K.L.:
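Dropping a structure here in structure tokens format, bear with me for questions.
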Amino acid sequence: METYDALLASIAPAAGTGRTIFDPATGEAVGEAPIHDLDYLENAVATAVAAQLAWAALGHAARSAALLKAADAVERSAEELARLLSREQGKPLNGPNARFEVGACVAWLRATASLPLEPETIVDDGETRAELHYRPIGVVAAIGPWNWPMMIAVWQLAPALRMGNAVVVKPSGNTPLSVLALVKVLNEELPEGILSAVSCGREVGARLTDHPAIGKIMFTGSTAGGRAIIKSSADTVKRLTLELGGNDAGIVLPDADPKAIAQDVFWGAFLNTGQTCAALKRLYVHDSVYDAVCEELIAVAKAMPMGNGLDENNVLGPLQNKAQYDIVANLVQAAKDSGARILLGGNPDTSQPGFFYPTTLVADIDNDNPLVAEEQFGPALPIIRYSTVDEAVEKANGLDVGLGASVWSPDLAAAREVAARIQAGTVWINRHGAVDPRIPFGGAKQSGYGVEFGVEGLKALGVPQVING
């Protein structure tokens, strides 16, 4: 285990060759990130190709054992990684944030290592025997976002490695240090060459998506980014798993207890200060409980301190970058201008450093308002009235995205009936955004395709092969 300073120094480029990464809470420099060029990328891919066959030949048991050791390495460096993540991404150490994210990396590595994957006998009737196996693809490119940079990197690389692939990781340009440090720690226990990270700009990144030696791309990010990857990967017919933008709806049924659900609704919406693909981003509440839900959410939100992530008291942090801050500020201003009622927040203090936007709740807002119809990806929740469940379902399904959704009611049978009508890859009951390494997760409509997690997600990192005879 290295100290924080030693870990940061181990990923730093030669003096004068990198770029400075700044803390979104303070504006202070966090460290220097390398700017890898095309030659560096080509070398990383070539090294991965050379190392992959031996890694695949080890078999599932040996690869799982290596992943468990890698999880131990992350656990040994957990506090150093969490501190770096907090400074670079902005999320607080405490709450469901930086320490939580590093802990999730450990848990996901261990869960992925333990997933069963046995050959499936498809037909065995005395005349024909057919077995379905899954073989490694080769080299996988893992392209991640800035909101959960470490955790999503592990979501991508862990099943890819377990299946016998080598992996080249490309972190977001906003949060490269976290991922570079994570890969460095993982490589303390992994065989040389099977996992590398390339910190690069768009031109070099584009080469990764059309590189003929890359067999699959895993991408988490915007729908626009996913479309670009689909186009650039087409000529080499790459396999793709795309987890794209969402604008998740939650429906509170008339029998819900506002006080009982308020805290879970709050964290469904404001986890990571709202910077989560599968966060609850538009809340539909029945007339009969609308005012009570609003009041309970105000009470919960007021009790959640926001500030510098290194302050142990805070559980909400800044937006990670100025561009995202501006998106949130503009959408809330549009809601104000339309006559929507601001229950809490909506009044950022621009005299202070950092990209802090206050926790904001907006009521009495039209369903076609930009704050509802567009993904805000920040700490602002629109709360929309409805009168009938049919109306709520129609509004929930009215957008061209469908990553997640939720239904809130003590009547589980009724909630499940409503959930079955919602067009989303996952619909949670009485919670939102609760992902699990054992349970497949993926989007509907323009929120992407392919699944991650569980045995089905593991299979998506392999090539199905039928042995018939």
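All values derive from a computational prediction rather than experimental measurement.
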K.L.:
How long is the straight-line distance from CD of Glu101 back to CG of Asn147, given to the nearest 0.5 Å?
P.N.:
8.0 Å

K.L.:
Between Val328 and Pro379, which heavy-atom pair has the shortest distance, and what is it?
P.N.:
CG1-CD, 4.3 Å

K.L.:
Go through the steps for Phe219 and Leu244 under the test side chain to side chain contact (heavy atoms under 4.5 Å, CB included), then give the verdict.
P.N.:
CA-CA 8 Å; Phe219 173 74; Leu244 307 179; 3.6 Å; yes

K.L.:
Return the OG to CZ distance between Ser222 and Arg227, rounded to the nearest 0.5 Å.
P.N.:
8.5 Å

K.L.:
Can you spot which of Leu7, Leu8, Leu182 makes a side-chain contact (heavy atoms from CB on, under 4.5 Å) with Leu177?
P.N.:
Leu8

K.L.:
Do the ring planes of His432 and Trp428 sit parallel (below 30°), tilted (30 to 60°) or perpendicular (above 60°)?
P.N.:
tilted

K.L.:
Has Asp235 got more than 12 heavy atoms of other residues, nucleotides or ligands less than 6.0 Å from its CG?
P.N.:
no

K.L.:
Identify whether the distance between the nearest side-chain nitrogen and carboxylate oxygen of Glu456 and Lys459 falls below 4.0 Å.
P.N.:
yes

K.L.:
Please round to the nearest 0.5 Å and tell me the distance separating atom CG of Leu115 and atom OG1 of Thr112.
P.N.:
5.5 Å

K.L.:
Evaluate side chain to side chain contact (heavy atoms under 4.5 Å, CB included) for Trp146 paired with Gln89, printing each intermediate quantity in order.
P.N.:
CA-CA 7 Å; Trp146 49 258; Gln89 202 281 335; 4.1 Å; yes

K.L.:
Near Glu192 CD, under 6.0 Å, is it more than 12 heavy atoms from other residues, nucleotides or ligands?
P.N.:
no

K.L.:
Report the distance from atom CD of Glu2 to atom NZ of Lys184, rounding to the nearest 0.5 Å.
P.N.:
3.0 Å

K.L.:
So, for Ala158 and Leu109, which heavy atoms are closest and what is the spacing to 0.1 Å?
P.N.:
CB-CD2, 3.9 Å

K.L.:
Is the backbone of Ala29 close enough, under 3.5 Å, to the side chain of Arg87 for a donor and an acceptor to pair up by distance?
P.N.:
yes

K.L.:
May I ask you to decide if Leu161's main-chain N or O and Trp55's side chain share a donor-acceptor pair within less than 3.5 Å?
P.N.:
yes

K.L.:
State whether the side chain of Ser172 and the backbone N or O of Pro145 hold a donor-acceptor pair below 3.5 Å, judged by distance alone.
P.N.:
no

K.L.:
Angle between ring planes, Trp155 versus Phe453, binned at 30° and 60°: parallel, tilted or perpendicular?
P.N.:
perpendicular

K.L.:
Counting only heavy atoms from other residues, nucleotides and ligands, does the tally under 6.0 Å from CZ of Arg438 exceed 12?
P.N.:
no

K.L.:
Kindly say whether Pro34 contributes a backbone atom to a donor-acceptor pair with the side chain of Ser199 at under 3.5 angstrom?
P.N.:
yes

K.L.:
Shortest non-hydrogen contact from Ile422 to Ala405?
P.N.:
CG2-CB, 3.7 Å

K.L.:
Which distance, rounded to the nearest 0.5 Å, do you find between the CG of Leu458 and the OH of Tyr134?
P.N.:
10.0 Å

K.L.:
When you check the gap from the basic side-chain N to the acidic O, do Arg110 and Asp72 get nearer than 4.0 Å?
P.N.:
yes

K.L.:
So, do Leu297 and Leu283 sit near enough that their side-chain heavy atoms are less than 4.5 Å apart?
P.N.:
yes

K.L.:
Which heavy atom of Gly245 sits nearest to which heavy atom of Val401, and what is that distance?
P.N.:
O-CG1, 3.8 Å

K.L.:
Evaluate whether atom CZ of Arg76 has more than 12 neighbouring non-hydrogen atoms of other residues, nucleotides or ligands under 6.0 angstrom away.
P.N.:
yes

K.L.:
Please check this pair: side chain of Gln275 against backbone of Leu319, looking for a donor-acceptor N/O pair closer than 3.5 Å.
P.N.:
no

K.L.:
Under the criterion side chain to side chain contact (heavy atoms under 4.5 Å, CB included), I'd like the reasoning laid out for Glu452 against Val435: C-alpha separation, chi angles, the key distance, then a yes or no.
P.N.:
CA-CA 10 Å; Glu452 301 174 272; Val435 292; over 6 Å; no

K.L.:
Is there a side-chain contact between His133 and Glu120, using heavy atoms and a 4.5 Å cut-off?
P.N.:
no

K.L.:
Measure across Leu403 and Gly443 and return the closest heavy-atom pair with its distance rounded to 0.1 Å.
P.N.:
CD1-CA, 3.8 Å

K.L.:
Would you check if there is a donor-acceptor pair between the side chains of Lys91 and Thr273 at a distance under 3.5 Å?
P.N.:
no

K.L.:
About how many Å separate CG of Asn308 and CD of Glu28, when rounded to the nearest 0.5 Å?
P.N.:
8.0 Å

K.L.:
Within the side chain of Lys170, is there an N or O that forms a donor-acceptor pair under 3.5 Å with the backbone of Ala141?
P.N.:
no

K.L.:
Without swapping roles, check the side chain of Asn174 against the backbone of Gln320 for a donor-acceptor pair under 3.5 Å.
P.N.:
no

K.L.:
Please check: side-chain N/O of Asn247 versus main-chain N/O of Val372, any donor-acceptor pairing under 3.5 Å?
P.N.:
yes

K.L.:
Testing Glu75, Glu79, Glu80 one by one against Arg99 for a salt bridge (charged side-chain N to carboxylate O under 4.0 Å, His left out), which residue passes?
P.N.:
Glu79

K.L.:
Answer yes or no: is there a side-chain heavy-atom contact under 4.5 Å between Met304 and Thr359?
P.N.:
no

K.L.:
Ignoring hydrogens and geometry, is there a side-chain-to-backbone donor-acceptor pair from Asn94 to Glu312 under 3.5 Å?
P.N.:
yes

K.L.:
Can you tell me which residue among Glu374, Gln376, Glu375 is in a side-chain hydrogen bond (donor to acceptor under 3.5 Å, both in side chains) with Lys281?
P.N.:
Glu375

K.L.:
Could you please spell out the steps behind the side chain to side chain contact (heavy atoms under 4.5 Å, CB included) verdict for Tyr40 and Ile35?
P.N.:
CA-CA 10 Å; Tyr40 188 97; Ile35 305 172; over 6 Å; no

K.L.:
Are a donor atom and an acceptor atom from the side chains of Gln446 and Thr223 found within less than 3.5 Å of each other?
P.N.:
no

K.L.:
Of all heavy-atom pairs between Val198 and Ala44, which one has the smallest distance, and what is that distance?
P.N.:
CG2-CB, 4.0 Å

K.L.:
Ignoring hydrogens and geometry, is there a side-chain-to-backbone donor-acceptor pair from Thr360 to Pro358 under 3.5 Å?
P.N.:
yes

